[in-house]
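To start, the structure itself, in structure tokens.
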Amino acid sequence: MTFTIYELAAMQPALLVMIAGLLAVGLDTFVPSKTRIAHAMLCGGGVIAAMAALGSQLYYQRTAIHAFGNMLVLDDMACFLSLAILAATGLVLISSDADTTRRNIGFGEYYGLIMIAASAMMMLVASNDFMTIFVNLEVLSLALYVLTGITRKNPRSNEASVKYLVSGAFATCFFLMGVAFLYGATGTFALSGIREALALGLDSSMARVGLGMVMVGFAFKIGAVPFHMWVPDVYEGAPTSTTAFMSVTVKAAGVGALIRVLLIAAPMRSDLWADLLWWMAVATMVVGNLMALQQTSVKRMLAFSSVAHTGYALVALATMRSTDETFVPEAAASALFYLLTYTFMTLGAFSFLIYMGHELPGKDGTSEWQDAETLSDLAGMADRRPWAAAMMGLFLLSLGGIPPTAGFLGKFYLFAGAIERGHVTIAVIGVMASLVSLYYYLRVIVWMYMKEPMIADEKPHPSVAVVIALAGLATLLIGVMPGAFIAAAEHSIAVLR
Amino acid sequence: MISYYLLFAAALFSIGAYGVLARRNVLIILMSLELMLNGVNIVFVALSLVPHGVQMAPGGHVFVLMVMAVAAAEVAVGLAIVIALFRTRQTVDINDLQMMSG
């Protein structure tokens, strides 16, 4: 196999992000440890450069780049999801300004790990071969294990990190076993090669078990029931900016890779996976929402709500096979659009928790930062921080699916499509589940607007306010003018080969 | 012949899975994870001997190298995390990790 230099263009956006991240690690040697401006400029520059590269790919290049023996392909879907991931990364870079300075996290390693994880996710959504899928899935997971435990003097952070590592590595083993079985049945790791082999009738029980195990691996990474056990603990224990980062980007990357595997490797055998995904989507929506109902910690409630939202996104994949047995790959577009809306509303909600952080007196006279976590931390904040509270209200209404927000359109598009393809039951379950979810989202708003404040010394961080404003703007913009975004999502699935 | 390799790999994988689920020491869990990964590696190598069509499919050997590199990185990160855990909690017992629940 020979490669031309031209093929590097397929990984150019991800490379830009990774180089910026690696330089950020090295930068620690040259700049004083208390200044963060150099790291922020470098990483922000990397994100913007990568966005520009993706933009030029979308608007000037237009045709997909297949590189390295078709292992990576930079097509419209990869660009769409990479742009969502980069937007989230950029916002997290701004908001993590608060976490790093409040908790004395080293800038180099923190920014570096975020950028490396982001670049692995960008390559994951462009991966067209199980070898690249595996390597990128692991690179992003390893970066996230460390990010979860990066406040290494905090016992909750350590505990979350160990739980994430052990359960993540365990799931990886099953994913790998699935890949091995698929390889044994078809003799190749390439997604298109697997499709050809399955079309030739090589769908032995080995291939079926392999496909099932691969889906278990993906279900774990995106936190779908019954593989969601790690989600609440890890999301609660991790520093809030890390939680915000992984709750949105890992979902975008994981669901994106799953879409590619299903649509390219096994489209004509949807009978093998559609029912499995149907049950998984229903279980994820129901369990995620019921568990979220019982939480008093807002951070943990948002963790379970992110499980529930995985379920909504899976509805699109589960209903790709319509009830009259035709296969409608275009259905995946509603999952892509939903991931985009979910990115901004969840990031905004977690950022609000960072924004409302306060200082707690520590053991030995020092003070320790505590992000807003419980309902009582947020009580009465509408009077003192009217704008931020209004934005949080917007994010929560959007998560609950109230018009005219992005979340409403995402859900509408998702469930309307499912009904169109004849899947009425799952759509009804989904609508009921989001009805239930309104209870716990509105409860936060009630606490913010109708209770007396219980905390007097919250210290809002200005840079987080920027993130909240931008995320709120995006949530409203997608809610009011969804046309261009829906068209982009539909186009990226339509040209998927 | 290949079925012997696969049986051996299945045994390794199962022993590892049992170790992850049943043992409480995080270090032993990490070792069990290595066993599982090695079981997967043997499956890859064994299955690359299966002829598909006219030619052999040597990709399995390459994949094993990837898995080895990732496993090494995972252990490096894992041990670092365990050290951080031990410094704050003075324990590596997975049953003691119950600060968060509900």
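Chain letters run A, B, ... following the sequence lines, proteins first and then strands; every chain starts at 1. These numbers come from the heavy atoms of this one structure, side chains and all, not from hydrogens, waters or symmetry mates.
Counting heavy atoms of neighbouring residues, nucleotides and ligands inside a 6.0 Å radius, atom CZ of A:R443 exceeds 12 of them. Atom CZ of A:R156 is surrounded by more than 12 heavy atoms from other residues, nucleotides or ligands within 6.0 Å.
Using cut-offs of 30° and 60° on the angle between ring planes, the pair B:F44 and A:Y183 is tilted.
No part of B:I2 comes within reach of chain A, as not one of its non-hydrogen atoms sits under 4.5 angstrom from that chain. Contacts of B:I29 with chain A are made by side-chain atoms alone, with heavy-atom separations under 4.5 Å and no backbone atom involved. With a 4.5 angstrom heavy-atom cutoff, B:V26 touches chain A only via side-chain atoms. Of the two parts of B:R87, neither the backbone nor the side chain holds a non-hydrogen atom closer than 4.5 Å to a non-hydrogen atom of chain A. Of the atoms belonging to B:A71, not a single heavy atom falls under 4.5 Å from chain A.
Nearest heavy-atom pair, B:L47 versus A:G184, reported as atom, atom and distance to 0.1 Å: CD1-CA, 3.5 Å. Between B:A84 and A:N158, the closest heavy-atom pair is O-ND2, 3.3 Å. For the pair B:M66 and A:V135, the tightest heavy-atom approach, listed with the atom from each and the gap, is SD-CG2, 3.8 Å. The minimum heavy-atom distance between A:M131 and B:G59, with the atom names listed, is CE-O, 4.1 Å. B:V70 approaches A:E138 most closely through the heavy-atom pair CG1-CG, 3.4 Å. Counting all heavy atoms, side chain and backbone alike, A:P155 lies closest to B:T88 at CA-OG1, 4.2 Å.
Among A:L165, A:L176, A:V146, the residue making the largest number of heavy-atom pairs under 4.5 Å with chain B is A:L176. Interface summary for chain A: among B:V43, B:D96, B:I94, the most heavy-atom pairs under 4.5 angstrom belong to B:V43. Counting heavy-atom pairs under 4.5 Å between each of B:N41, B:V20, B:V82 and chain A puts B:V20 at the top. Counting heavy-atom pairs closer than 4.5 Å to chain A, the top-ranked of the candidates B:V77, B:L97, B:V67 is B:L97.
Between the side chain of A:E159 and the backbone N or O of B:M99, at least one donor-acceptor pair lies under 3.5 Å.
In this structure, A:T148 has no side chain to side chain donor-acceptor pair (under 3.5 Å) partners at least two apart in sequence or on a different chain.
Taking SG from A:C173 and CG from B:L37, the interatomic distance works out to 4.0 Å, rounded to the nearest 0.5 Å. The structure places CD1 of B:I81 at 8.5 Å from OH of A:Y145, a figure rounded to the nearest 0.5 Å. A distance of 9.5 Å separates OG1 in A:T172 from CE in B:M36, rounded to the nearest 0.5 Å.
Two rings, from B:F63 and A:F130, have their centers 6.0 Å or more apart.
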